[in-house]
Every structure is written in C-alpha cells, then in structure tokens.
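The shown structure was predicted, so the numbers you read here are calculated from the model rather than taken from an experiment. Start at 1 and go down the list; that is how both ligands and their atoms are numbered. One is the number of the first residue; the rest follow in order along the sequence. The analysis underlying the following values was restricted to heavy atoms, covering all of them including side chains, and did not include hydrogens, waters or symmetry mates.
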Amino acid sequence: MTRILSDDQGYKLPTRAVHAGQIEEPLSGAVMTPIYQTSTYRQQGLGKHKGYEYARTQNPTREALERNVASLEGGTYGFAFGSGLAALDAILKLFKPGDHIVSGDNLYGGSHRLMTRIYEPFGIRFSFVDTREIGNVERALTPETRLIYCETPTNPMMFLTDLRAVGDLAVSRGIPVAVDNTFATPVLQRPLEMGAEIVLHSTTKYLNGHSDMVGGMLVTSRDDLAERLGFIQNASGGVPGPMDCWLALRGTKTLILRMRQHDANGRRMAEWLTTHSKVRKVYYPGLPTHPQHELARCQMGGFGGMVSFDVEDLALSRRIVERVRLFQLAESLGGVESLIGHPASMTHASVPLEIRRRIGLTDSLLRLSMGIEDVDDLIADLKQAID
Ligand code: PLP
C-alpha cells in the first residue's frame with residue numbers, strides 16, 4: 001500500500017501522469033525511477049531499517065507506480081497487484097461467507113469466473129444484474145449486501161452505469177461501490193470523483209499501453225478500506241515484480257497522449273462501421289445512436305478506443321479475424337497496436353451461455369481494440385477483411 005505524496009494533487013492530469021509519485025533518486029539523481037530488483041533490504045540493527053524490510057511488503061518501484069496511479073485517479077492510496085484479477089481477488093477477500101455482492105451482469109469473463117467459481121463456493125453470494133438501470137441495482141440489494149461492483153463501459157458490450165446514481169444509492173445504504181475503470185482510464189473517467197470508493201484497473205491494458213506486462217491496481221481514498229486492502233496485499237502476496245511496475249510506470253507517462261489517439265481512432269472506426277452493409281450493430285458510446293450516449297457525454301471525457309460490432313453471421317466473423325492484416329487476432333486490449341477479438345470464444349468463453357444471450361454477446365460479435373496507428377490504414381484493413 002502506498003499513500004500519494006501530499007503535493008502530487010496540485011498539478012493538472014498531464015503533469016501528474018509524468019511526475020506524480022516519483023521521488024528523487026539519492027545515489028545518482030536518475031530522473032527515471034530505478035527498477036529496485038531486490039527481494040530484501042539490509043537492516044542496520046534489530047528493528048532498525050530504512051522503511052524497507054522485504055519486497056513483498058515494500059518496493060520503491062512499486063510504490064512509485066502506486067502513487068502515480070492513485071494520483072491520476074484522484075485517490076489517496078494505491079495498491080499494485082500481479083494482474084487485474086489479483087486486484088479483484090483482493091477486493092473479494094474483504095468479505096466473508098454470507099456477504100452479498102451486487103455486480104453488473106456484463107463483466108470481463110475472468111472477473112465473472114473469479115466470483116462464481118472461486119468465491120461463491122466459499123459462501124459469498126452474488127447477484128448479476130443489468131446496472132444500466134439503477135432500479136435493477138436497488139431491487140437486488142439485501143440486508144447482507146456489502147458491495148456494488150461494475151465495469152463501465154463494459155467489456156465487450158459497452159454498457160454504461162450511471163456512476164453518480166449508483167454512488168448516491170450506495171451512500172444512502174452505506175455500501176461501497178467498486179468500479180473497473182480499465183476501459184475508460186482516469187483520462188476519460190474518474191469514478192472516485194463521482195461517488196465510487198474503489199477503482200480497479202487491469203494495468204495490463206491502457207495504463208501500461210504497450211502489451212508487455214500483466215498487472216493490476218486498486219485505488220481508494222478511504223482510510224479503513226486502504227488499511228484492509230494493504231493488509232490483504234501483503235498477507236496474500238499477489239504483488240507484481242519491480243520490472244513490471246517500471247513498465248507500467250513508463251506507460252502512464254504517455255497515457256494522456258495515447259488515449260487521445262485511441263479515442264480519435266475509436267470514433268472514426270465506429271462511425272465507419274455504421275456505414276457498412278454487412279455490419280448489423282455497432283457498440284460504441286460515442287455514437288449518437290448508442291442508447292446511453294448522453295450519459296457517456298456527461299460522465300466521460302471521451303469515448304475511448306474499444307469498439308464492438310456484430311455481423312450476425314459466425315462464418316463471416318471467422319473470415320474477418322482470419323483476413324485482417326494490421327489488426328491482430330489476440331486476447332487483451334489497450335496497447336499501441338490494434339487487436340481484434342472474438343469475445344464468445346476468447347475473453348468471455350467462461351461466461352455462461354444464458355448470460356451471454358441475455359446481454360447480446362452473440363457468436364458473431366467482434367471486439368476491436370483500436371491502437372494508435374493511422375486510422376485510414378485500420379479502416380482499409382477491416383474493409384478488405386469484411387468485403
Ligand atoms: N477487467 C477488464 C475490463 C479486463 O478486460 C480484464 C482483462 O482482460 C481484467 C479486468 C483482468 O485483468 P488481467 O488480465 O490483468 O488479470
């Protein structure tokens with residue numbers, strides 16, 4: 001667990017992206033945080049040390065990343081984990097058998113699997129509801145409900161949750177809201193400023209942005225949650241290594257620039273897809289036809305680089321992923337390079353068919369992670385693959 005430095009919040013987001021959480025390196029004055037590749041630290045005497053005892057508990061490279069992301073999210077405490085799922089695992093360890101969690105019904109498949117295959121057998125109960133309608137969340141609450149959890153926009157259907165509405169509901173019932181902000185990033189959306197109490201990231205995605213590490217992050221401003229999450233981080237030990245922290249930290253420095261391009265490319269691609277005769281549906285909150293476009297305009301500072309579309313024909317979707325040249329067929333998202341995925345057989349294969357049907361995640365749905373390449377090249381690539 002790392003608390004942000006008190007002067008970090010005084011600057012605007014692009015400045016914080018580059019500088020927040022970085023401390024002067026005393027040996028040489030290196031301007032970049034070094035990779036403290038060590039498992040332990042020499043102590044001066046019994047109980048006498050420099051604040052660092054063992055690297056599962058403290059590591060200066062990890063702390064720099066934790067402070068940096070906490071600052072970007074407008075939070076006070078950051079916790080880095082070995083993956084986005086390890087970060088969710090730490091949230092779920094806050095609860096005990098009999099506790100109930102209301103979760104969005106469209107989640108990354110691995111998040112759903114962690115909840116239903118690992119934590120349900122331990123006695124934690126979940127209700128998966130369509131959080132686009134705040135009434136569904138309210139109706140699912142029980143006296144045992146201890147958390148409301150959602151992604152917004154969701155992976156891959158691009159559903160939105162009204163963060164202020166869910167935050168107000170949660171405050172009135174004394175329940176925290178945790179938001180997976182992986183798709184939007186703090187550049188486009190800061191849930192803590194709208195009533196959420198925990199933000200989760202798969203730093204594997206946009207925060208790192210170069211598809212060269214796996215990691216996760218939690219941010220909160222609540223002292224009591226921070227204390228418990230910090231305990232879990234150390235006691236369970238799902239921490240990332242310093243090299244991966246360093247890669248993520250290098251990524252966050254350019255996050256703002258990259259998000260601008262992801263967002264611009266996402267908008268152009270979504271618009272173009274709506275004009276193609278073989279594309280039946282396009283899911284992108286930046287399109288005026290998206291049912292929650294107005295909400296997206298209110299709570300997001302842009303719409304991002306994730307675009308899903310349905311060709312309503314499995315054979316065609318298969319041909320598209322096999323014919324693309326610039327887009328690469330791969331799991332994951334948020335890197336500088338454009339990827340295409342088939343959620344039903346890849347990222348969301350572990351989601352039960354009944355839920356997939358309910359949310360519209362068909363076998364012919366494709367998901368694009370728009371990289372930062374020239375968008376005309378990307379459109380031309382997809383055009384030749386679809387045609
Ligand atoms: N949250 C979202 C929205 C994701 O897309 C993913 C992975 O794809 C995760 C969480 C899990 O992150 P990780 O793969 O780093 O464990």
* **Part of Lys205 within contact of ligand 1 (heavy atoms, under 4.0 Å)** =>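 The part of Lys205 near ligand 1 is the side chain, not the backbone.
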* Can you label the angle between the Phe126 ring and the Phe128 ring as parallel, tilted or perpendicular, going by 30° and 60°? =>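 Taking Phe128 first and then Phe126, their aromatic rings lie parallel (interplane angle under 30°).
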* Parallel, tilted or perpendicular: which describes the rings of Tyr284 and Phe303, with under 30° parallel and over 60° perpendicular? ->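 The arrangement is perpendicular - the two ring planes meet at more than 60°.
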* Asked: Judging by distance only, is a nitrogen or oxygen of Leu333 under 3.5 angstrom from one on ligand 1?
  ->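 Checking ligand 1 against Leu333, no N or O pair falls under 3.5 Å apart.
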* Return a yes/no value for Ser111: is any of its N or O atoms, backbone included, closer than 3.5 angstrom to an N or O of ligand 1? =>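 In this structure, Ser111 places no N or O atom under 3.5 Å from an N or O of ligand 1.
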* Asked: Thinking salt bridges, do Arg260 and Asp263 make one under a 4.0 Å N-O criterion?
  ->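 No, Arg260 and Asp263 are not salt-bridged.
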* Any ion pair linking Asp89 and Lys93 (charged N to carboxylate O, less than 4.0 Å)? ->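 Judged by the 4.0 Å cut-off on N to carboxylate O distance, Lys93 and Asp89 do form a salt bridge.
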Nearest neighbour in protein (non-hydrogen) for [atom]:
atom: atom 9 (C) of ligand 1; result: Tyr108 CD2, 3.4 Å
atom: atom 5 (O) of ligand 1; result: Asn155 ND2, 3.0 Å
atom: atom 13 (P) of ligand 1; result: Gly84 N, 3.4 Å

* Intermediate values then yes/no, salt bridge (charged side-chain N to carboxylate O under 4.0 Å, His left out), Glu271 and Arg267 -> CA-CA 6 Å; Glu271 271 162 30; Arg267 291 176 198 227; over 6 Å; no
* For atom 2 (C) of ligand 1, which of Asp180, Leu85, Asn181 has the closest heavy atom? ->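 Comparing heavy atoms across Asp180, Leu85, Asn181, the nearest one to atom 2 (C) of ligand 1 lies in Asp180.
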* To do: Begin with the C-alpha distance, continue with both residues' side-chain angles, and end with the deciding distance and a verdict on salt bridge (charged side-chain N to carboxylate O under 4.0 Å, His left out) for Arg268 and Asp376.
  => CA-CA 9 Å; Arg268 277 282 308 282; Asp376 292 327; 2.7 Å; yes
* Could you tell me whether ligand 1 has any atom less than 4.0 Å away from a heavy atom of Gly215? =>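 Yes, Gly215 has heavy atoms under 4.0 Å from ligand 1.
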